[in-house]
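Encoded as structure tokens, the structure appears first; notes follow it.
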Amino acid sequence: MVQRVAIIGAGPSGLTSMKACLEEGMVPTCFESSDDMGGLWKFKEVSEPNRASIYRSLTINISKEMMCYSDFPIPSDYPNYMHHSKILKYFRMYAEHFRLLEHIQFQTFVKSVRQRPDYARSGQWEVLTQNKDGHEERHVFDAVICCSGHYTYPHLPLKEFPGIDTFEGKYFHSWDYKGPEEMQGKRVVVVGIGNSGGDIAVEGSRVAEQVYLSTRRGAWVVRQVSDNGLPLDMKYNTRFVHILFQLLPVNLLNWFGEKKVNAMYDHTMYAIKPKHRLFSQIPVFNDELPLKILSGSVVIKPNIKEIRGSSIVFDDETVLDKVDIIVFSTGYNYDFPFLPENAMYKTGHRVGLYKHIFPPTLEHPTLAVVGFIHALGAIMPQAEMQARWVSLVFKGKKKLPSTNAMIKSVEKDTKVIQKSFIVSKRTPLQVDFVDYMDDLAGEIGIRPSLLWLFFTDYAFFKRLLWGPMTAYQYRVTGPGKWEGARKAIFTQFDRMYEPLKTRKMDDENSGASLAGRLFKLSLTAMVGGAVAYYIHVRNPTTIPKLLANLRPQTA
């Protein structure tokens with residue numbers, strides 16, 4: 001029976017893992033190498049080895065309602081897109097509210113995690129730690145949860161840039177970037193058009209003589225401020241949109257999405273159009289980059305072919321002279337150096353984990369990885385869902401399939417990922433946010449039944465179908481049910497509007513119009529009919545069985 005659990009890392013995944021273990025009666029001990037919680041979101045003026053690092057101005061690109069834990073809403077007066085300092089405050093409030101701080105050992109580095117000599121019988125692990133004074137200590141735990149994340153080991157592929165050893169200026173990885181001060185009056189090249197590369201190019205362009213943004217593949221760049229000023233994810237990350245993705249051809253969805261994105265700014269005209277389709281990879285979120293390109297503050301360039309002293313030659317043979325700084329925003333390597341080699345195996349580019357959590361080849365389900373997931377959605381609710389399931393497996397309330405069944409599932413997942421998304425060694429993993437959350441929720445017994453709600457609570461059904469995919473809906477029923485979940489869902493837009501009410505305005509358009517309500521109702525009916533027809537064609541007995549056994553899901 002699992003009683004004592006070691007948790008590696010006190011970031012967002014580690015915090016929710018501690019809470020899940022406590023709720024199941026286990027005793028967690030969290031080892032955090034830094035002097036504070038927050039993981040990635042704990043800003044340091046100097047980057048520390050073996051830790052994630054952020055820059056001074058970083059603001060999250062997920063809105064607050066979409067990133068908060070399912071039973072602890074972010075304060076209503078907090079901005080929708082939060083600065084890292086606000087995010088850290090939220091984590092502290094969460095830790096204090098659920099009394100997690102007493103379970104964290106700060107400034108304690110985990111050197112190794114190894115199976116005990118009697119592992120075959122006990123499933124236990126030996127954890128070797130080192131404190132700030134260099135003192136080592138060995139601990140025995142019944143189970144281990146790895147929450148170390150995947151932004152820890154910067155990838156700096158200097159061999160791919162011939163002549164880098166001749167460069168006369170300064171170069172560094174975005175992991176080391178803290179602010180634009182040293183770019184003042186300089187000519188800067190940023191390599192890589194991901195979220196960090198775009199942010200650094202925009203911020204640097206305010207003080208630099210000129211910024212050039214070099215990209216090999218290009219990227220789809222979308223705005224965080226969506227239609228009518230709503231946060232993008234609250235507008236489009238909904239169950240209704242997800243249903244459309246299940247029913248409509250992906251080429252049609254790509255065409256429609258690309259047309260909408262290009263209506264804001266034509267990606268071909270701005271020289272940033274990528275080789276991949278819109279929904280094959282998570283896009284870059286940046287509202288300012290198009291303006292910087294339009295104003296000439298940022299100039300888009302192709303991949304670097306060669307470096308000659310202070311000059312850079314690009315693939316199109318253009319030459320840029322007198323370059324002072326190169327910032328490599330080239331991603332991260334992922335690794336778990338403290339784990340034994342036999343604990344993990346590779347499938348494709350990714351680590352082979354059952355449901356992206358459990359190593360399938362271990363004899364006992366007492367090692368889990370939480371937070372090592374990538375989707376078009378925040379890590380906080382995904383890690384929380386993973387941790388809730390892990391705690392039930394540790395306690396024996398939920399069982400894993402056989403090793404062979406898990407390996408087959410992992411290999412199938414790998415094929416689906418490779419078919420649906422653009423993956424590489426640096427970006428080995430991407431899943432559909434709604435599918436993944438619902439899958440784990442089904443394992444736990446907390447997935448809401450839309451069909452049941454349609455007949456029993458239509459007002460609530462509408463909010464789950466049309467509203468944003470916030471995590472509160474996974475606290476409505478089953479284990480861990482929270483009485484405040486329903487209210488949180490009905491008031492989520494109130495919390496979204498609250499920080500914008502800084503000046504009293506006459507509300508001339510309060511409430512939804514009749515036409516708008518009729519439009520939504522008709523769309524709901526159309527989608528419902530399409531879903532029913534789709535199910536009936538594939539399996540004519542499904543709907544009669546559902547109607548005959550209509551009842552809410554329970555654990």
Side-chain angles (χ1 to χ4, degrees), residues 1-22 24 26-42 44 46-53 88 91-92 95 98-119 122-153 333-344 351 353 357-359 362 364-372 383 386-387 390-391 394:
M1 180 67 69
V2 172
Q3 294 294 336
R4 299 185 64 229
V5 181
I7 297 174
I8 303 172
S13 301
L15 294 176
T16 193
S17 294
M18 277 188 281
K19 177 176 177 290
C21 289
L22 287 168
E24 288 300 323
M26 294 176 282
V27 181
T29 299
C30 181
F31 298 108
E32 171 55 50
S33 60
S34 182
D35 57 358
D36 201 353
M37 69 180 71
L40 171 70
W41 300 100
K42 172 60 180 177
K44 296 276 189 177
V46 178
S47 300
E48 298 178 349
N50 302 313
R51 281 189 54 80
S53 175
L88 190 60
F91 289 149
R92 285 173 178 158
F98 293 108
R99 304 186 66 177
L100 306 178
L101 292 173
E102 60 195 78
H103 299 280
I104 306 175
Q105 292 187 18
F106 292 107
Q107 295 183 306
T108 305
F109 177 72
V110 174
K111 298 189 69 175
S112 70
V113 176
R114 296 291 181 266
Q115 296 170 347
R116 292 269 294 165
D118 65 346
Y119 171 82
S122 67
Q124 290 182 331
W125 298 84
E126 183 178 88
V127 178
L128 176 63
T129 62
Q130 183 180 64
N131 66 16
K132 62 179 180 179
D133 299 320
H135 175 70
E136 293 186 354
E137 187 175 355
R138 296 184 185 276
H139 316 258
V140 176
F141 290 95
D142 301 310
V144 176
I145 305 178
C146 174
C147 303
S148 55
H150 52 282
Y151 295 111
T152 303
Y153 308 104
N333 298 311
Y334 64 92
D335 194 12
F336 303 95
F338 44 82
L339 294 179
E341 291 184 4
N342 66 344
M344 300 289 186
V351 172
L353 298 171
I357 301 172
F358 286 101
L362 293 180
H364 297 280
T366 55
L367 174 65
V369 178
V370 168
F372 192 70
Q386 291 177 325
V390 166
S391 66
F394 282 175

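In this chain, numbering begins with 1 at the start of the sequence shown.
For S17 (side chain) and L15 (main-chain N/O), no donor-acceptor pair under 3.5 Å exists by modelled atom type. E136 places no side-chain N or O within donor-acceptor distance of the main-chain N or O of T129, the cut-off being under 3.5 Å. Side-chain N or O atoms of N131 include one that pairs as donor or acceptor with a backbone N or O of D133 at under 3.5 Å. Side chain of H364 to backbone of Y119: a donor-acceptor contact under 3.5 angstrom is found. Judged by distance alone, the side chain of S33 and the main-chain N or O of T108 form no donor-acceptor pair under 3.5 Å. Between the side chain of R114 and the backbone N or O of V127, no donor-acceptor pair lies under 3.5 Å. With hydrogens and angles ignored, the 3.5 Å screen pairs a side-chain donor or acceptor of E32 with a backbone N or O of S34. A donor-acceptor pair is defined here as one N or O able to donate and one able to accept, closer than 3.5 Å; such a pair exists between the side chain of R51 and the backbone of G39. The closest donor-acceptor contact from the side chain of Q386 to the backbone of G371 lies under 3.5 Å. A donor-acceptor contact shorter than 3.5 Å is absent between the side chain of Y334 and the backbone of G149.
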Evaluation steps, side chain to side chain contact (heavy atoms under 4.5 Å, CB included), between M18 and C30: CA-CA 7 Å; M18 277 188 281; C30 181; 3.6 Å; yes

Verdict with reasoning, F336 to V113, per side chain to side chain contact (heavy atoms under 4.5 Å, CB included): CA-CA 10 Å; F336 303 95; V113 176; over 6 Å; no

CA sep, side-chain torsions, deciding dist, call: Q3, V27, side chain to side chain contact (heavy atoms under 4.5 Å, CB included): CA-CA 6 Å; Q3 294 294 336; V27 181; 5.7 Å; no

Derivation and outcome, side chain to side chain contact (heavy atoms under 4.5 Å, CB included), residues Q105 and T29: CA-CA 7 Å; Q105 292 187 18; T29 299; 3.7 Å; yes

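Between D36 and K42 a salt bridge is recorded (basic side-chain N to carboxylate O distance below 4.0 Å). With respect to the salt-bridge test (charged N to carboxylate O, under 4.0 angstrom), the residues K132 and D35 do not qualify.
At least one side-chain heavy atom of Y153 sits less than 4.5 Å from a side-chain heavy atom of N50. At least one side-chain heavy atom of L339 sits under 4.5 Å from a side-chain heavy atom of L367. Residues W125 and P340 meet the side-chain proximity criterion, which asks for heavy atoms closer than 4.5 Å. Within the 4.5 Å cutoff, no side-chain heavy atoms of H135 are placed close to those of Q130. Side-chain contact between Q115 and L362: present, with at least one pair of heavy atoms (C-beta onward) separated by less than 4.5 Å. Inter-residue side-chain proximity for C146 and F338 is flagged as met; some heavy-atom pair is nearer than 4.5 Å. Taking the side chain as every heavy atom from C-beta outward, I8 and C147 never approach each other to under 4.5 Å.
To the nearest 0.5 Å, atoms CZ (F372) and OG (S148) are separated by 8.5 Å. Considering CZ of F394 and CD1 of I145, their distance stands at 4.5 Å, rounded to 0.5 Å. To the nearest 0.5 angstrom, K44 atom NZ is 10.5 Å from S53 atom OG. Rounded to the nearest 0.5 angstrom, L22 CG and L100 CG are separated by 6.5 Å. Summarising the geometry, atom CZ belonging to R138 is positioned 5.0 Å from atom CG belonging to L128; distances are rounded to the nearest 0.5 Å.
Contact detail for P28 and H103: the closest heavy-atom pair is O-ND1, 3.3 Å. Annotation for G123 and T366: closest pair O-OG1, 2.8 Å, computed over non-hydrogen atoms. For the residue pair S391 and M26, the shortest heavy atom distance occurs at O-CE, 3.6 Å. The shortest non-hydrogen separation linking V2 to D142 is CA-CB, 3.8 Å. Nearest heavy-atom pair, V370 versus A383, reported as atom, atom and distance to 0.1 Å: CG1-O, 3.6 Å.
Taking the six-membered ring for Trp and thresholds of 30 and 60 degrees, F31 and H139 have ring planes inclined between 30 and 60 degrees apart.
Crowding of E341 atom CD: a count of heavy atoms from other residues, nucleotides or ligands under 6.0 Å not exceeding 12.
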